[in-house]
Amino acid sequence: MNIASAAERVDSAALNAIAIEQISANEPFSVQEAYEIQRASIERRRQRGEHTIGLKLGFTSRAKMVQMGVDSLIWGWLTDSMLEEDGAPVDLGRFIHPRVEPEVCFLTRRDITGPLTALEALSYLEAVAPAMEIIDSRYRNFKFSLEDVIADNCSSSGLVVGAWSTRFDNLRNAGVLMRFDGRDVQVGSTGAILGNPLRAIVHASQLVADAEIVLPAGTLVMAGAATAAQALTGGLHVQCSVCGLGRVEFTTRKNA
Ligand code: OOG
Ligand code: MG
């Protein structure tokens, strides 16, 4: 597997919003190689001036695993260029076939340097917020293998984070509602995310230890979607509310 060439392919696809064939269609590759491709693609973003602001977990709920036919937890990087402002319009022109999903986002307050237990995780957190992730697979028809999606930085494309809160107590089973133009499109519970989205921090700490990196204080961690993702079109008002945490929203603009 030529790591650099595969990284160039997923990176260009994201940059130009043009879908590509799955990397695995021509050459099978391992999960380890997939993370190497992901790392090399993030390095290309860094060289263009983007910086990483956090990480995201994927397939932390059954709903997502079933929707995408993949059953392993995955992780990828979030960069500053992916961050959209709460309440602001999002231009869909930079995406291929964007989807949105309801999540919660954590903000860390101490460096995470190694594996944490569930009990320890809370003391590493500054705040939690309702959030939505905009995912956009770089592969045609949004179809991929586990290795393909990891290499593609787990479809990461955008995130919108609502107001921060310190209400960590209610996360085990808080109602989640995503609406398009006031109509319910996804309904669920934060409990669908690993039983409790706080476990995302435990997983993140293990991943960090395995990858031999440090997650600095002030890192964002997206816990993964509580429900299946929903396709985005232009001219929508999209809102997600998480019971006890409040809500987050954006509108979509189609730039043809
Ligand atoms: C991969 C990303 C999964 C989540 O929250 O489960 C993910 C995808 O579905 O394209 O972000
Ligand atoms: Mg997600």
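First listed ligand is number 1; within each ligand, the first listed atom is number 1. Keep in mind it's a predicted model, so treat the numbers as computed, not measured.
- Separating the OG atom in Ser61 from the CD atom in Gln67 is a distance of 9.0 Å, to the nearest 0.5 Å.
- Hydrophobic clustering (side-chain heavy atoms under 4.5 Å, transitive across Ile, Leu, Val, Met, Phe, Trp, Tyr) groups Met68 together with Val31.
- A donor-acceptor pair shorter than 3.5 Å can be found between the side chains of Ser123 and Arg110.
- The structure places CG of Leu245 at 5.5 Å from CG of Leu171, a figure rounded to the nearest 0.5 Å.
- Annotation: ring-ring contact (aromatic ring centres under 6.0 Å, His included) contacts involving residues 200-239, sequence neighbours excluded, are absent.
- For Arg99 and Phe142, the positive end sits near the middle of the six-membered ring, less than 6.0 Å away and at most 45° from its axis.
- Partner of Arg138 under the side-chain hydrogen bond (donor to acceptor under 3.5 Å, both in side chains) criterion, out of Ser12, Ser155, Ser157: Ser157 alone.
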For ligand 1, output the ligand-protein N/O contacts shorter than 3.5 angstrom; if there are none, return none.
{"from": "ligand 1", "atom 1": "5 (O)", "to": "Glu101", "atom 2": "OE2", "distance (Å)": "2.8"}
{"from": "ligand 1", "atom 1": "5 (O)", "to": "Glu103", "atom 2": "OE2", "distance (Å)": "3.0"}
{"from": "ligand 1", "atom 1": "5 (O)", "to": "Ala225", "atom 2": "N", "distance (Å)": "2.8"}
{"from": "ligand 1", "atom 1": "6 (O)", "to": "Phe59", "atom 2": "N", "distance (Å)": "2.8"}
{"from": "ligand 1", "atom 1": "9 (O)", "to": "Lys64", "atom 2": "NZ", "distance (Å)": "2.7"}
{"from": "ligand 1", "atom 1": "10 (O)", "to": "Ser155", "atom 2": "OG", "distance (Å)": "2.7"}
{"from": "ligand 1", "atom 1": "11 (O)", "to": "Lys56", "atom 2": "NZ", "distance (Å)": "2.9"}
{"from": "ligand 1", "atom 1": "11 (O)", "to": "Glu101", "atom 2": "OE2", "distance (Å)": "2.9"}
{"from": "ligand 1", "atom 1": "11 (O)", "to": "Glu133", "atom 2": "OE1", "distance (Å)": "2.9"}

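- Through direct or indirect side-chain contacts shorter than 4.5 Å among Ile, Leu, Val, Met, Phe, Trp and Tyr, Val161 is connected to Ile53, Leu78, Met82, Leu83, Leu107, Leu159, Trp164, Leu220, Met222.
- Protein atoms of type N, O or S found under 2.8 Å from the Mg ion (ligand 2) total 3.
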Start with the C-alpha gap between Ser24 and Asp148, add the side-chain angles, then the distance that decides, and say whether side-chain hydrogen bond (donor to acceptor under 3.5 Å, both in side chains) holds.
CA-CA 6 Å; Ser24 65; Asp148 285 317; 2.6 Å; yes
